[in-house]
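Residue numbers start from 1 in every chain, and the chains themselves are labelled A, B, ... in the order their sequence lines are given, proteins ahead of strands.
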Amino acid sequence: MVDIGLKPVEPYSFVATTRRLVRSEKALYRVRDGQFLRVLRIQGRPIPVEIGWESGQVRVQTTVELGTREREILARLIRRMFSLDVDLGPFYEHMKKESPLAPIIEERKGLHFVLDPSLYECLIKTVISQQLNLSFAGRLVYRLVELAGETIRYGDEELPVFPTPEQVARLDYEDLQKLQFNRRKAEYVIDLSRQVADGELDLEGLQSLSDRQVVEKLVALRGVGRWTAECLLLFGMGRPDLLPAADIGVRNAVKKAFELDGQPTEAEVREWGEGWTPWRSYVTFYLWDYLTEG
DNA sequence: GGCCAGGTGATGG
DNA sequence: CCATCACATGGC
């Protein structure tokens, strides 16, 4: 039995931060009266975890017995995933005179990233999402999880576990084509998983590199372009200053916020974004939220 | 029915 | 080097 309270750096809004999970992460997060339920791997062992908010803290619970070391790892993972140590004060200060973004940002005070628990999971989900509308992409992720991952029982629920690289590496391209992946995407997902499983691709080793070095390493992989590399830096690593300027969502959000007639080009978005340094990831994230949540 | 989705690599000039 | 294209499917 584990019950941990984790205090975030203020300002922090749990409701705003987890809203995205309800909408587009249904494959892996179950919602039960304001609480989130998902399986996290702690030292390779799948642990079902309940995550909620109580009196100013993130409350993490599981009925599974954990040792001291495992509890520490779990606490650290949750702190990283929910960005509990990120101080957004300087971001709000930096953006408060940026018209017309300031009010959009102000409305979302306390909204933080929710990072994926592993870079592998982030990479696979991002590759699957390439060029697809979010709802179809989410369905493909869920089908992959169902096909390749295991499930574990927690109370009266059967919970999906995101597959390991080894589990996906064992699939054939045709298995994913049957799930309505296009041929090339099936190849990307399986080939990348095989490289991770074989130890050719050390994703966690990227953590020590600069943004530029990470992009350089990742775009060398088949199926990974600049957009995917930047998303990994954003949603896998929580790096604060990435601007996926070619991204259709960012461009549509800029169009909406600045009331432009047409979609801005990648170069135009980059030019505007220069003033947002060193917080461009958070601007991106707030723009996506603005676009999807109004 | 056509066009676009939180792109990418293959192809052909 | 740059423009164009296919890719699976769903939503509008």
I want to check one thing: is the phosphate of dT8(B), taken as OP1 and OP2, less than 4.0 Å away from some side-chain N or O of Thr228(A)?
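So the side-chain polar atoms of Thr228(A) do come within 4.0 Å of the phosphate oxygens OP1 or OP2 of dT8(B), strictly under.
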Could you state the [atom1]-[atom2] distance from [X] to [N], rounded to the nearest angstrom?
{"X": "Glu266(A)", "N": "dT8(B)", "atom1": "CD", "atom2": "P", "value": "10 Å"}
{"X": "Phe136(A)", "N": "dT9(C)", "atom1": "CZ", "atom2": "P", "value": "6 Å"}
{"X": "Arg143(A)", "N": "dA8(C)", "atom1": "CZ", "atom2": "P", "value": "14 Å"}
{"X": "Lys178(A)", "N": "dT9(C)", "atom1": "NZ", "atom2": "P", "value": "14 Å"}
{"X": "Lys185(A)", "N": "dT8(B)", "atom1": "NZ", "atom2": "C1'", "value": "9 Å"}
{"X": "Leu243(A)", "N": "dG6(B)", "atom1": "CG", "atom2": "P", "value": "17 Å"}
{"X": "Leu232(A)", "N": "dG6(B)", "atom1": "CG", "atom2": "P", "value": "19 Å"}
{"X": "Leu134(A)", "N": "dC4(B)", "atom1": "CG", "atom2": "C1'", "value": "13 Å"}

Is the terminal nitrogen or CZ of Lys109(A) (NZ for Lys, CZ for Arg) located under 6.0 angstrom from the six-membered ring centre of Tyr92(A) and within 45° of that ring's axis?
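Because its charged atom sits under 6.0 Å from the ring centre and within 45° of the axis, Lys109(A) does stack over Tyr92(A).
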Tyr173(A) six-ring centre to Arg194(A) NZ/CZ under 6.0 Å and within 45° of normal
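Pair Arg194(A)/Tyr173(A) counts as cation-pi.
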Using a cut-off of 4.0 Å on non-hydrogen atoms, how would the nucleic acid contact of [X] be classed: base, sugar-phosphate, or nothing?
{"X": "Leu287(A)", "result": "nothing"}
{"X": "Leu132(A)", "result": "base"}
{"X": "Val224(A)", "result": "sugar-phosphate"}
{"X": "Phe235(A)", "result": "base"}

Go nucleotide by nucleotide along DNA chain C from the 5' end; which of Arg139(A) and Arg184(A) gets its closest nucleotide reached first?
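The answer here is Arg184(A).
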Using ring centroids (six-membered ring only for Trp), state whether Tyr286(A) and Phe91(A) fall under 6.0 Å.
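When the ring centroids of Phe91(A) and Tyr286(A) are compared, they turn out to be within the sub-6.0 Å range.
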Point-to-point distance, once rounded to the nearest 0.5 Å, from CD1 of Ile4(A) to CD of Glu72(A):
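The CD atom of Glu72(A) is 10.0 Å from CD1 of Ile4(A), to the nearest 0.5 Å.
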Which nucleotide in [options] has an atom nearest any side-chain atom of [X]:
{"X": "Gln263(A)", "options": "dA5(B), dA8(C), dG7(B)", "value": "dA5(B)"}
{"X": "Asn133(A)", "options": "dT9(C), dG7(B), dA8(C)", "value": "dT9(C)"}
{"X": "Arg222(A)", "options": "dG9(B), dT8(B), dT9(C)", "value": "dG9(B)"}

Taking the [atom1] atom in each of [N] and [M], what is the distance between them to the nearest angstrom?
{"N": "dG10(C)", "M": "dG9(B)", "atom1": "P", "value": "25 Å"}
{"N": "dC7(C)", "M": "dC3(B)", "atom1": "C1'", "value": "15 Å"}
{"N": "dC2(C)", "M": "dA5(B)", "atom1": "C1'", "value": "24 Å"}
{"N": "dT4(C)", "M": "dC4(B)", "atom1": "P", "value": "14 Å"}

Side-chain touch Met237(A)/Leu206(A), heavy atoms, less than 4.5 angstrom:
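Side chain of Met237(A) against side chain of Leu206(A), heavy atoms only: contact under 4.5 Å found.
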Are a donor atom and an acceptor atom from the side chains of Tyr290(A) and Glu107(A) found within less than 3.5 Å of each other?
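The criterion, which ignores hydrogens and geometry beyond distance, is not satisfied for Glu107(A) and Tyr290(A).
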Check whether the side chains of Gln180(A) and Arg139(A) place a donor and an acceptor atom closer than 3.5 Å, and report yes or no.
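No donor-acceptor contact under 3.5 Å links the two side chains.
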Can you find a donor-acceptor pair, distance only, under 3.5 Å between Gln131(A) side chain and dA5(B) base?
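It does, because a donor-acceptor pair links the side chain of Gln131(A) to the base of dA5(B) below 3.5 Å.
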Only Watson-Crick and G-U wobble pairs with both distances less than 3.5 Å should count. Give DNA chain C in dot-bracket notation, marking inter-strand partners with |.
|||||||.||||
Could you please spell out the steps behind the side chain to side chain donor-acceptor pair (under 3.5 Å) verdict for Glu121(A) and Ser118(A)?
CA-CA 5 Å; Glu121(A) 178 177 323; Ser118(A) 75; 4.8 Å; no
